[in-house]
Every structure is written in structure tokens, then in C-alpha cells.
Amino acid sequence: MKPLSIEGAWLYEPRLHGDERGVFLEAFQGEAFRLATGRRLELAQVNCSVSRRGVVRGVHFADLPPGQAKYVTCVRGAVRDVIVDLRRGSPTYRRWEAVDLDDRDRRAVFLSEGLGHAFQAVTDDATVVYLTTSGYSPGREHGVHPLDPELGITWRPDTEPLLSPKDAAAPTIAAAEAQGLLPAYEDCVRYVSSLAPPLSEETP
């Protein structure tokens, strides 16, 4: 698990074991995850989305608490995965970082509560699986427009972004901030810190 430039986001690069039969990998390692993030992944739901080339999903986030942390990987095809810091007061507020996920390198990203998530399908039938720490709750789910020029996310130039009606109607980040939708950085840090296991559990 390697930390990304945005606090609360990590990249996991598995070791691939391949031979004439195919490939084996450990898609998730609980102890490595705990040592890197200081918490355990409390699984509440597993989501799977299949998207045609060019589809953009996001930027999505959930009210805190409990928020929704995500562990994301692409099991078929390829996507451009984007993490956006939506935490008001964060040192990296409004910064985004993109990671290419595909079915060759089999990488994954983890993003903590309060961060926004989006991705664009680079191939047809791009299949993304993501583990979440809370279930879907419509009243607590929000979005920021993925094509907002203030965010300036660089999507793939060779594909035309295709958005759902809901994502196309999402507010800009400035509007979301004015509406009080975005979480506060201090609240996110405090909540994530409360998820750390007791010291007795951390000692081998």
C-alpha cells in the first residue's frame, strides 16, 4: 500500500504470479492494509459496475458520519480512476489524482471517508468492483459535476465523456460548497481516527 498525494488515499500494487495456466494474485491483504492505513476495512457492501467506453461515473461522496470509504479495482478492461479531495479546509482541498486501473496490472485504490470518487471507462465492458464501508443510502449520497472546469479533471482525450442524468445535474464544487454539502476536513480526520483499532489489537 503506497500513499497517494492526497491524504487518506492509497494505491495497492499486487504481486502477480503467472504461468501457462494464468495468473494468481492477492487482491487484498488485511494486515498490509491495516499497517498502511491504521485501520481495518469494515466491509458493508460490494458493488460492481459495467460501463461502455467513455462512461464517466462520479464524482460521488457520502455524508459523514458514517461516510463511505472505498477499495476499488478493475477486474475487466481498463478505467481512469480519479480521487478528489472534497474536504473543506484540507491542505489538498480541490486537488484530484488519477490512477489507471486495469485487468493486467490488477492495481487497486483505497480512499477514505470524505474523499470524492469517479472513474471513466477506457474500454467497453469495463468492470469495476469496489468494496465499501457503508451501504447505499440515497439521502446521504451526493455528487459534484465531473466536468466542472474549476476541478479541471483531465479525462481521456480520445473518448467523449458520457454521464448519467444524475451526474450531469450534479452541482459544481463551488455550488456544493455554498450549499453546505461538502464535509469538513477536521470532521473527516476525527472520524477516521476513531476507526483505528485499540492498541491491544495492534500489538503482535
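Residues Leu131 and Val72 are not in side-chain contact: their nearest non-hydrogen atoms beyond the backbone lie 4.5 Å or more apart. Inter-residue side-chain proximity for Thr133 and Leu43 is flagged as unmet; no heavy-atom pair is nearer than 4.5 Å. Side-chain contact between Pro14 and Glu26 is absent, with no heavy atoms from C-beta onward closer than 4.5 Å. Under the 4.5 Å side-chain criterion, counting only non-hydrogen atoms from C-beta, Tyr130 is not in contact with Thr73. Tyr136 is listed as a side-chain neighbour of Gln45, based on a closest heavy-atom distance under 4.5 Å. Residues Thr127 and Cys74 fail the side-chain proximity criterion, which asks for heavy atoms closer than 4.5 Å. Put simply, the side chain of Leu86 reaches to within 4.5 Å of the side chain of Ile173, judged on heavy atoms. Annotation: side chain of Trp155 is in contact with side chain of Val56 (closest heavy-atom distance under 4.5 Å).
Residues Arg88 and Glu186 come closest through the heavy atom pair O-OE1, 4.2 Å. The minimum heavy-atom distance between Arg107 and Val99, with the atom names listed, is NH2-CG1, 3.6 Å. Summarising the geometry of Glu7 relative to Val189, their closest heavy-atom pair is OE2-CG2, 4.3 Å, with the distance given to 0.1 Å. Residues Gly67 and Ser134 approach most closely at O-OG, 2.7 Å, considering heavy atoms. Nearest heavy atoms, Ala126 versus Ala121: CB-CB, 3.8 Å. Across all their heavy atoms, Ala108 and Leu11 have their closest contact at O-CD1, 3.3 Å.
Taking CZ of Arg34 as the start and CE of Met1 as the end, the distance is 13.0 Å to the nearest 0.5 Å. Interatomic distance, Ser5 OG to Trp96 CH2, rounded to the nearest 0.5 Å: 10.0 Å. Taking CG of Leu195 as the start and CD of Glu42 as the end, the distance is 8.0 Å to the nearest 0.5 Å. Distance CD1/Ile83 to CG/Leu4: 5.0 Å, rounded to 0.5 Å. Atom CZ of residue Phe61 and atom CG of residue Leu115 lie 11.5 Å apart, to the nearest 0.5 angstrom. With rounding to the nearest 0.5 Å, the separation of CD in Gln179 from OG1 in Thr172 is 8.0 Å.
Criterion: ILVMFWY side-chain heavy atoms under 4.5 Å apart, direct or through other members. Under it, Phe28 and Leu101 are not part of a common hydrophobic cluster. When the side chains of ILVMFWY residues are joined at heavy-atom separations under 4.5 Å, either directly or via intervening members, Val109 and Leu35 end up in two distinct hydrophobic clusters. Put simply, Leu147 and Val84 are part of the same group of oily side chains (I, L, V, M, F, W, Y) that touch within less than 4.5 Å, one to the next. Cluster membership check: Leu111 shares its hydrophobic cluster with Ile6, using side-chain heavy-atom separations under 4.5 Å among Ile, Leu, Val, Met, Phe, Trp and Tyr. If you chain together hydrophobic residues whose side chains sit under 4.5 Å apart, Val46 and Tyr71 fall into the same group.
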TODO: Start with the C-alpha distance between Asp81 and Asp100, add both sets of side-chain angles, then the distance that settles side chain to side chain contact (heavy atoms under 4.5 Å, CB included), and finish with yes or no.
DONE: CA-CA 6 Å; Asp81 199 83; Asp100 291 328; over 6 Å; no

Open item on the list: Apply salt bridge (charged side-chain N to carboxylate O under 4.0 Å, His left out) to residues Arg39 and Glu113 and explain how you reach the verdict.
Closed with: CA-CA 12 Å; Arg39 59 186 286 185; Glu113 294 84 352; 2.8 Å; yes

Task: Step-by-step side chain to side chain contact (heavy atoms under 4.5 Å, CB included) determination, Asp125 to Arg76 - done: CA-CA 7 Å; Asp125 295 328; Arg76 181 181 182 185; 4.0 Å; yes

- [ ] Given salt bridge (charged side-chain N to carboxylate O under 4.0 Å, His left out), test Glu150 with Arg94 step by step and report yes or no.
- [x] CA-CA 9 Å; Glu150 283 195 52; Arg94 297 194 179 197; 2.6 Å; yes

- [ ] Could you give me the CA-CA distance, side-chain angles and deciding distance for Leu162 and Arg52, then say whether side chain to side chain contact (heavy atoms under 4.5 Å, CB included) is met?
- [x] CA-CA 9 Å; Leu162 177 62; Arg52 56 179 282 194; 3.9 Å; yes

- [ ] Evaluate the side chain to side chain contact (heavy atoms under 4.5 Å, CB included) criterion for residues Ile153 and Val59: first the C-alpha distance (whole Å), next the side-chain angles of each, then the deciding distance (0.1 Å), finally the verdict.
- [x] CA-CA 10 Å; Ile153 297 173; Val59 178; 4.1 Å; yes

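When each of Thr154, Thr159, Asp158 is tested with Arg156 by the rule side chain to side chain donor-acceptor pair (under 3.5 Å), just one qualifies, namely Asp158. Between His60 and the choices His142, His117, Lys70, the side-chain contact (heavy atoms from CB on, under 4.5 Å) rule is met once, by Lys70.
With hydrogens and angles ignored, the 3.5 Å screen pairs a side-chain donor or acceptor of Asp102 with a backbone N or O of Asp105. Arg140 places no side-chain N or O within donor-acceptor distance of the main-chain N or O of Ser137, the cut-off being under 3.5 Å. Between the side chain of Ser90 and the backbone N or O of Tyr185, no donor-acceptor pair lies under 3.5 Å. Within the 3.5 Å criterion, the main-chain N or O of Asp167 finds a donor-acceptor partner in the side chain of Ser164.
Checking Ser51 against Arg57 by side-chain atom types alone, a donor-acceptor pair falls below 3.5 Å. In this model, a donor atom of one side chain and an acceptor atom of the other lie less than 3.5 Å apart for Tyr93 and Glu177.
Taking the six-membered ring for Trp and thresholds of 30 and 60 degrees, Phe33 and Phe110 have ring planes more than 60 degrees apart, a perpendicular arrangement.
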